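Starting from 1, each residue takes its place in the sequence as its number. All of these numbers come straight from a predicted model, not from anything done at the bench.
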Amino acid sequence: MLAISPCSRVQPRCTSISNRRYRAAPVAAAQADFTGTGSSAEARASRRAALAALVAGVAAIPQRAGADEKAPRQGEISHTDAEWRELLPRDAYAVLRQARTEKRFSSPLVNEKRSGTFVCGGCGTPLFASETKFESGTGWPSFFDALPNAVALEPDYSIPFMPRVEVRCARCLGHIGHVFDDGPPPTGLRYCMNGAALLFEPKEA
């Protein structure tokens with residue numbers, strides 16, 4: 001796994017995440033000024049949209065659909081591949097266990113605005129609070145922070161010309177998405193998640 005602290009040498013830039021640190025992917029679209037508003041915010045949105053289109057296009061090529069699907073994914077919660085296939089819906093299995101990328105705007109969680117918690121679709125681990133969700137314009141559920149110790153980070157070179165940082169559930173190591181440094185304040189991060197890898201639990205009234 002990508003070392004959380006101190007910074008690994010896998011990636012060229014360090015970014016703080018909830019008192020932990022990792023090296024963010026050197027994506028040109030992610031080198032935005034996070035402190036401004038107005039035109040800079042529009043520029044970030046434009047860059048996110050361009051990056052999303054690029055990733056979606058590459059994801060259409062099966063052998064480059066996502067992170068390394070052969071990477072070990074046996075965490076604290078583990079099952080055989082046959083058991084995962086039986087336990088998970090087909091789209092969730094493709095994302096969580098094969099590191100595939102769902103189509104943009106295909107998940108109803110993109111438009112989920114209720115208060116609650118987004119949990120791992122594989123093991124139910126709480127991953128993101130609804131308060132950290134924001135509209136990124138990419139077509140995937142996006143968050144500016146994860147819950148403490150909820151996710152594990154791995155370097156991802158499945159797209160040779162665009163190194164990224166993969167986000168996994170810390171307990172079952174299922175693939176959830178990627179994190180980029182073109183998000184909004186206060187973290188400047190964008191956790192770009194696959195809705196098929198998540199479940200939403202509304203806050204009790």
Side chains of residues 88-95: which donor-acceptor pairs under 3.5 Å do they make with residues two or more places apart or in other chains?
from, atom 1, to, atom 2, distance (Å)
Y93, OH, D81, OD1, 2.4
Y93, OH, D81, OD2, 3.2
Y93, OH, R85, NE, 3.2
Y93, OH, R85, NH2, 3.3

List in chain and number order the residues that pass side-chain hydrogen bond (donor to acceptor under 3.5 Å, both in side chains) with R114, two or more places apart in sequence or in another chain; answer none if no residue qualifies.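 side-chain hydrogen bond (donor to acceptor under 3.5 Å, both in side chains) check on R114 returns E112.
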
Using the side-chain hydrogen bond (donor to acceptor under 3.5 Å, both in side chains) criterion, which residues pair with E76? Sequence neighbours excluded.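 Only R171 meet the side-chain hydrogen bond (donor to acceptor under 3.5 Å, both in side chains) criterion with E76.
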
Identify the two heavy atoms, one from [X] and one from [Y], that lie closest to each other, and give their separation to 0.1 Å.
| X | Y | result |
| --- | --- | --- |
| T132 | D145 | OG1-O, 3.3 Å |
| E102 | W140 | O-NE1, 3.1 Å |
| I176 | C169 | CD1-N, 3.2 Å |
| F200 | S115 | CZ-O, 3.5 Å |
| G139 | V110 | O-CG2, 3.4 Å |

Could you measure the distance from the [atom1] atom of [X] to the [atom2] atom of [Y]? Nearest 0.5 Å is fine.
| X | Y | atom1 | atom2 | result |
| --- | --- | --- | --- | --- |
| W84 | R97 | CH2 | CZ | 5.0 Å |
| I77 | C172 | CD1 | SG | 6.5 Å |
| S136 | D182 | OG | CG | 8.5 Å |
| L96 | H175 | CG | NE2 | 8.5 Å |

Let me know which of D156, L189, L153 forms a side chain to side chain contact (heavy atoms under 4.5 Å, CB included) with V165.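 Filter result, single survivor: L153.
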
Please find out if less than 6.0 Å separates the ring center of Y191 from that of F180.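 Ring-ring flag for Y191/F180: false, centres at least 6.0 Å apart.
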
Between [X] and [Y], is there a donor-acceptor pair closer than 3.5 Å when you use the side chain of the first and the backbone of the second?
| X | Y | value |
| --- | --- | --- |
| S142 | C192 | no |
| T125 | C120 | no |
| E135 | G137 | yes |

Indicate the ring-plane relationship of F118 and F143, choosing parallel, tilted or perpendicular according to the 30° and 60° boundaries.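 The rings of F118 and F143 stand perpendicular, inter-plane angle above 60°.
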
Show your reasoning for whether side-chain contact (heavy atoms from CB on, under 4.5 Å) applies to F134 and R190. CA-CA 9 Å; F134 71 99; R190 172 172 59 92; 3.8 Å; yes

Using side chain to side chain contact (heavy atoms under 4.5 Å, CB included) as the criterion, list what pairs up with S78, not counting sequence neighbours.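 Partners of S78 by the side chain to side chain contact (heavy atoms under 4.5 Å, CB included) criterion, ordered by chain and then number, come out as Q74.
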
Under the rule for side chain to side chain contact (heavy atoms under 4.5 Å, CB included), what residues qualify as partners of E83, not counting sequence neighbours?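 So E83 forms a side chain to side chain contact (heavy atoms under 4.5 Å, CB included) with H79, T80.
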
With no hydrogens and no angle check, do the side chains of R164 and S158 hold a donor and an acceptor under 3.5 Å apart? yes

Determine, step by step, whether T117 and L147 satisfy the side-chain contact (heavy atoms from CB on, under 4.5 Å) criterion, reporting the C-alpha distance in whole Å, the side-chain angles of both residues, the deciding distance to 0.1 Å, and the verdict. CA-CA 10 Å; T117 305; L147 291 172; 4.3 Å; yes

Run the salt bridge (Lys or Arg N to Asp or Glu O under 4.0 Å) test on E166 and R168 for me, step by step, so that the C-alpha distance in whole Å, both residues' side-chain angles and the decisive distance to 0.1 Å come before the verdict. CA-CA 7 Å; E166 180 195 5; R168 299 180 179 185; 3.2 Å; yes

Linking Ile, Leu, Val, Met, Phe, Trp and Tyr through side-chain heavy atoms less than 4.5 Å apart, which residues share a cluster with L199? V119

